[in-house]
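Worksheet: the structure to be examined is printed underneath.
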Amino acid sequence: MITVREAVFSMLRERGMTTMFGNPGSTELPFLADFPDDFTYILGLQEAVAVGIADGFAQASGRPALVNLHTAPGVGNAMGAVFNAQANKAPLVVTAGQQARSLMTLQANLTNRDAIRMPHPLVKWSYEPPRAEDVPHALARATHLATLPPQGPVFVSIPMDDWAVEVDPETMRHHTTRSVRGRAVADPALVEELARALKGASAPVLVAGPDIDASGGREAAVSLAEAQRLPVWASPAPGGGRLGFPEDHPLFQGILPPAIAPLSETLTGHDLVLVAGSSVFPYYPNIPGALLPPGTALWAITNDPDEAARAPMGNAIVADVALTLTALAERAGASERGAPAPRPAPEPAPDSDPMSPSRAMATLAEVFPEDGIVVLESPSSTLALRNQLRLRRSGSYYFGAGGGLGFGLSAAIGVQLAQPGRPVVCVLGEGSVQYAVQGLWTAAAYRVPVTFLVVRNDEYAILKWFAALESVDGAPGLDLPALDSVAVAAGYGVNARPVSDVDDLREQLRGAIASDAPELIEVRVAPGMALA
Ligand SMILES: Cc1ncc(C[n+]2csc(CCOP(=O)(O)OP(=O)(O)O)c2C)c(N)n1
């Protein structure tokens, strides 16, 4: 016989899930007992941070990640990060300890009284196994569900006395060694129909979404766009957690605006819009208008049935994005259409004191390494970064698609752990730092060499911009005077310094990116939103 604990660790080992993330309590200690040498436990000092690190790790490694939280309050703390993981389609197996079975009915301290209901509606599946013997099967099932498309977080609650229970090794082997995979190929008749529509269109356009990158479809997207001479727009920034197309490619036009009216205006002149790997569309804020220009048709390719069903217009094919783009490129062949004019090079950002956010992003672009990765959560400089720094390689950009702050700082640590050979630069607003600030300790303690570039403007700049858009005057709570990220970082053990001069910023960034320890640079910028 073997224990539940042994069966679960051997399943995790077999699936390559040997790095786990968590914040422990008494209800989790039996799981962590005699922690095997070939596993790594990454401690987050708050549960949202543990989940955010796991989110970045899962996305950047392409593998599911296990998170272990502390019963009800731990799950409660983690909910914002689980929301983000759902929006990012990150395959997370979130587990939480539970009171011993014999004490659950009388609701002893630490009982999660309705563990299954608690993480809804943010998870694909939520479960508490009826018997201890069912824990390995439940975790195997959870892992399959997290990784089947559309990927996303799942939840399993595990009573603390289950781990030592003995189970039959042969039954466990059956439960835990199955492979369950599913990249659906699109119906060839549908691909043919779309290929005909594309060939027959006079001015088609491609909208490239994050799931092109997640599905490994970048080359297929480039081949299709080049053969069909398609201008390419990135899906709107708020929902674009990854880059579906190289941003320095001559066919690349820029980022679609996220609100209904300007988005549809941007697509004017195109008779066919092909959206790949994005919802239609991650709209925000509410600027009503026509959904599409008159006479324009839309087709979407998505691996997510809900994304397909909830779109307000157009046709959709539900299948793996990379496989479908490859099949479509084969069917559509080459076109003689004229290629669109390339996107202009970024305007040089002029000098000013304090420097503009655009100047800070242009300086980052000057020193950014070819194989670098950006994790971005600096709301008022998002467009400036995407304009100044034109990222080309796949897996080079991660952004919290759900919009919940706290993703950036924590995910950057997970991305760096998953991609130790590539330098990670995490660009954060000083307000955004505070939603996952405890992650700085994890970066220091495990020596995860992320460069944190904190954009300091002493305010919630994006919210002031929204206030003007919404005609809101006199809203309180939009200024952040005296928030000293350098002092905070030092308290967590991260090397940190302020800069206010462009030459200094360039030198500090070079040094930080080359360093094998985490480094934080706080750059002083002018207040306000940067639009390019
Ligand atoms: C969890 C969470 N709470 C609150 C918000 C609302 N929010 C959006 S942007 C923002 C301000 C961010 O400030 P900062 O990081 O300094 O960036 P800036 O706007 O100055 O660029 C806030 C509070 C959010 N998106 N997520």
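Predicted model, so just to flag it, every value in this text is computed and none were measured. Just so it is clear, the values below take in all heavy atoms, side chains as well, and ignore hydrogens, waters and symmetry mates. Numbers for residues simply follow the sequence, beginning at 1.
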Result block: side-chain N/O donor-acceptor pairs under 3.5 angstrom for residues 141-149, not counting sequence neighbours:
| unit_1 | atom_1 | unit_2 | atom_2 | d |
| --- | --- | --- | --- | --- |
| T143 | OG1 | L139 | O | 2.7 |
| T147 | OG1 | T143 | O | 2.9 |
| T147 | OG1 | H144 | O | 3.1 |

- Note on the structure: Sorted by chain and residue number, the salt bridge (charged side-chain N to carboxylate O under 4.0 Å, His left out) partners of D353 (sequence neighbours excluded) come out as none
- Task: Taking salt bridge (charged side-chain N to carboxylate O under 4.0 Å, His left out) as the test, write out the residues that go with D501, two or more places apart.
- Result: none
- Residue pairs involving residues 386-427 (criterion ring-ring contact (aromatic ring centres under 6.0 Å, His included); sequence neighbours excluded): none
- Task: Please collect all side chain to side chain donor-acceptor pair (under 3.5 Å) contacts where either partner lies in residues 409-424, sequence neighbours excluded, each pair once.
- Result: S396-R422
- Within 6.0 Å of CZ in R310, more than 12 heavy atoms from elsewhere: yes
- Note on the structure: R447 meets the salt bridge (charged side-chain N to carboxylate O under 4.0 Å, His left out) criterion, sequence neighbours left out, with D516
- V374 side chain near L391 side chain, heavy-atom distance below 4.5 Å: yes
- Task: For atom CG of D34, decide whether the heavy atoms of other residues, nucleotides or ligands shown that lie under 6.0 angstrom number more than 12.
- Result: no
- Compute whether any side-chain donor of one residue and acceptor of the other, for E128 and S157, lie under 3.5 angstrom apart. yes
- For the ring pair F9 and F31, is the centre-to-centre distance below 6.0 Å? yes
- Which pairs, with at least one residue in residues 387-413 and sequence neighbours excluded, count as a salt bridge (Lys or Arg N to Asp or Glu O under 4.0 Å)? D248-R392, E370-R392
- Contacts of E307 meeting salt bridge (charged side-chain N to carboxylate O under 4.0 Å, His left out) (sequence neighbours excluded), chain-then-number -> K89
- Quick one: which residue pairs count as a side chain to side chain donor-acceptor pair (under 3.5 Å) with a foot in residues 14-27, not counting sequence neighbours? T27-H70
- Task: Return each pair, listed once, that meets side chain to side chain donor-acceptor pair (under 3.5 Å) where at least one residue sits in residues 478-496; pairs must be two or more places apart or across chains.
- Result: K464-D479, N495-E519
- Message: Would N68 and T95 count as a side-chain hydrogen bond (donor to acceptor under 3.5 Å, both in side chains) here? Give the steps.
- Response: CA-CA 5 Å; N68 187 227; T95 61; 3.0 Å; yes
- Message: Applying salt bridge (Lys or Arg N to Asp or Glu O under 4.0 Å) as the test, list every pair that has at least one member in residues 43-64; sequence neighbours left out.
- Response: none
- Item | V427, V375, L409 screened by side chain to side chain contact (heavy atoms under 4.5 Å, CB included) with F452, the one that passes | L409
- Just jot down the ring pair (Phe, Tyr, Trp, His ring centres under 6.0 Å) partners of W125, sequence neighbours excluded, or say none. Y127
- Item | SB check R5 D162 (cutoff 4.0 Å) | no
- Pair D504 + R506, salt bridge at N-O below 4.0 Å: no
